[in-house]
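Position 1 is the first residue of the sequence, and the numbers go up from there.
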Amino acid sequence: MIEARRLHILRAVADHRTVTAAAAALYLTPSAVSQQLAALEQETGHRLVERGAKGVRLTPAGEILLSHTNAVLAQLERAEAELAAYDSGEAGTVTVAAFATGINLVVAPALSRLALSAPGIRLRVRDAEGDASLPMLLDRQVDVAVAVEYRGAPPADDPRLTHLPLYAEPFDAVVPVAHRLAGADEVPLAELAKDPWIGPYPGNPCHDVVVLACEHAGFQPRLEHSSDDFRAVVSLAAADAGVALVPRSALHGTDLTGVVVRPVDGAAPTRRVFAAVRRGAEEHPLIRPVLDALGEAARSEGPRT
């Protein structure tokens with residue numbers, strides 16, 4: 001095994017061309033430098049230096065080792081710099097769990113912001129439904145969760161968590177183009193009581209939003225088709241399979257051919273999105289910049305009700 005400190009000595013000898021000058025640069029005695037060179041030659045099994053009247057020069061084997069020495073020592077310098085930055089809280093990895101739309105709206109923009117404002121912080125992103133990220137956070141699988149309010153979720157004052165509200169967005173009604181309410185400016189939910197419905201599976205926070213909105217309108221939706229992918233939900237509506245409520249941001253970039261999107265009459269059902277960390281971690285020098293970047297992304301790019 002080659003010791004890195006001996007590589008420092010080899011490079012110093014190559015740079016200064018004499019053992020005495022190399023020793024002075026390294027604050028060692030000439031004898032110590034010679035001993036370390038001898039040990040390095042024993043480790044490599046090659047003669048690395050030749051002494052002459054004009055000083056010391058590297059042998060071909062020494063030149064080969066020197067080329068690797070420069071790369072190895074440069075990498076060690078980078079490692080020391082990163083460790084120093086880590087110790088000061090300026091560098092490290094933060095793992096964020098978020099649902100797909102949240103990744104698009106706030107996590108990806110936050111990642112871009114951090115690349116400029118805190119380049120030492122690396123985000124690792126995990127795709128997780130809005131109800132899955134909080135258990136991942138509490139189990140210490142991730143450092144930050146971007147989640148959705150839902151029935152049964154830990155409340156905002158849960159002593160285990162700190163919440164940062166990010167954005168709120170309405171759900172819009174999605175109906176087939178031939179639907180009787182396709183020409184309406186707004187869709188009263190009560191008018192959809194007898195329609196077949198398309199929506200997320202139970203357990204998905206958006207399922208709760210849809211069911212609660214329909215309950216407030218006086219009926220239980222008849223869910224004929226289930227998908228957690230809103231593109232699939234819209235495609236089924238376009239095929240005249242039923243009606244749906246879809247978060248407005250989930251409609252961005254979705255093919256809306258065959259459907260009509262209308263706001264809900266009255267108080268629209270709303271998806272409320274927040275970031276959460278374990279209580280006490282909100283001021284961690286790695287996590288605080290991530291929360292700030294998420295908040296800035298939500299304010300500049302997130303949807304509004």
Enumerate, atom names and distances included, each donor-acceptor pair closer than 3.5 Å involving a side-chain atom of residues 217-227, sequence neighbours excluded.
{"from": "Gln220", "atom 1": "NE2", "to": "Glu215", "atom 2": "OE2", "distance (Å)": "2.8"}
{"from": "Arg222", "atom 1": "NH1", "to": "Glu224", "atom 2": "OE2", "distance (Å)": "2.7"}
{"from": "Arg222", "atom 1": "NH2", "to": "Lys194", "atom 2": "O", "distance (Å)": "3.1"}
{"from": "Ser227", "atom 1": "OG", "to": "Asp229", "atom 2": "N", "distance (Å)": "3.1"}
{"from": "Ser227", "atom 1": "OG", "to": "Asp229", "atom 2": "O", "distance (Å)": "3.4"}

Item checked: All ring pair (Phe, Tyr, Trp, His ring centres under 6.0 Å) counterparts of Phe274, not counting sequence neighbours -> His163

Next item on the list: Not counting sequence neighbours, list each pair that qualifies as a ring pair (Phe, Tyr, Trp, His ring centres under 6.0 Å) and has a residue in residues 87-134.
Entry: none

Check: Is there a donor-acceptor pair closer than 3.5 Å between any side-chain N or O of Arg271 and the backbone N or O of Cys206?
Finding: no

Check: Looking at side-chain heavy atoms only, is the closest gap between Asp172 and Leu251 below 4.5 Å?
Finding: yes

Check: Taking C-beta and beyond as the side chain, do Val146 and Leu166 meet within less than 4.5 Å on heavy atoms?
Finding: yes

Margin query: Checking Arg279 against Thr162: is there a side-chain donor and acceptor pair closer than 3.5 Å?
Written below: yes

Next item on the list: Would you give the length of the straight line joining atom CD of Glu186 to atom CG of Asp265, rounded to the nearest 0.5 angstrom?
Entry: 5.0 Å

Next item on the list: Give a yes or no on whether Ile198 and Phe230 share a hydrophobic cluster (residues Ile, Leu, Val, Met, Phe, Trp, Tyr; joining criterion: side-chain heavy atoms under 4.5 Å apart).
Entry: yes

Next item on the list: Look up atom CG in Asp15 and atom CG in Leu66, then write down how far apart they are to the nearest 0.5 Å.
Entry: 7.5 Å

Notebook entry, point to check: If you round to the nearest 0.5 Å, how far is CZ of Arg51 from OG1 of Thr18?
Noted result: 10.5 Å

Check: When rounded to the nearest 0.5 angstrom, what is the spacing between CG in Leu294 and OH in Tyr167?
Finding: 10.5 Å

Margin query: Please enumerate all residues that pass salt bridge (Lys or Arg N to Asp or Glu O under 4.0 Å) together with Arg278, with sequence neighbours excluded.
Written below: Asp143

Next item on the list: Sequence neighbours left out, what passes side-chain hydrogen bond (donor to acceptor under 3.5 Å, both in side chains) with Glu3? Give chain and number order.
Entry: Arg5

Next item on the list: Flag yes if more than 12 heavy atoms outside Asp139 fall under 6.0 Å of its CG atom; otherwise flag no.
Entry: yes

Margin query: Under the rule for side-chain hydrogen bond (donor to acceptor under 3.5 Å, both in side chains), what residues qualify as partners of Asp158, not counting sequence neighbours?
Written below: Arg160

Item checked: Connected via hydrophobic side-chain network under 4.5 Å: Val144 and Val107 -> yes

Checklist line | Result of checking Val211, Leu192, Leu189 against Leu245 for side-chain contact (heavy atoms from CB on, under 4.5 Å) | finding: Leu189

Check: What closest approach, in Å, do Thr59 and Arg47 show between heavy atoms, and which atom pair accounts for it?
Finding: OG1-O, 2.6 Å

Checklist line | Pairwise distance CG(Leu286) to CG(Leu291) - rounded to 0.5 angstrom | finding: 11.5 Å

Item checked: From NE2 (His46) to CG (Leu40), nearest 0.5 Å -> 11.0 Å

Next item on the list: Compute whether any side-chain donor of one residue and acceptor of the other, for Ser300 and Arg113, lie under 3.5 angstrom apart.
Entry: yes

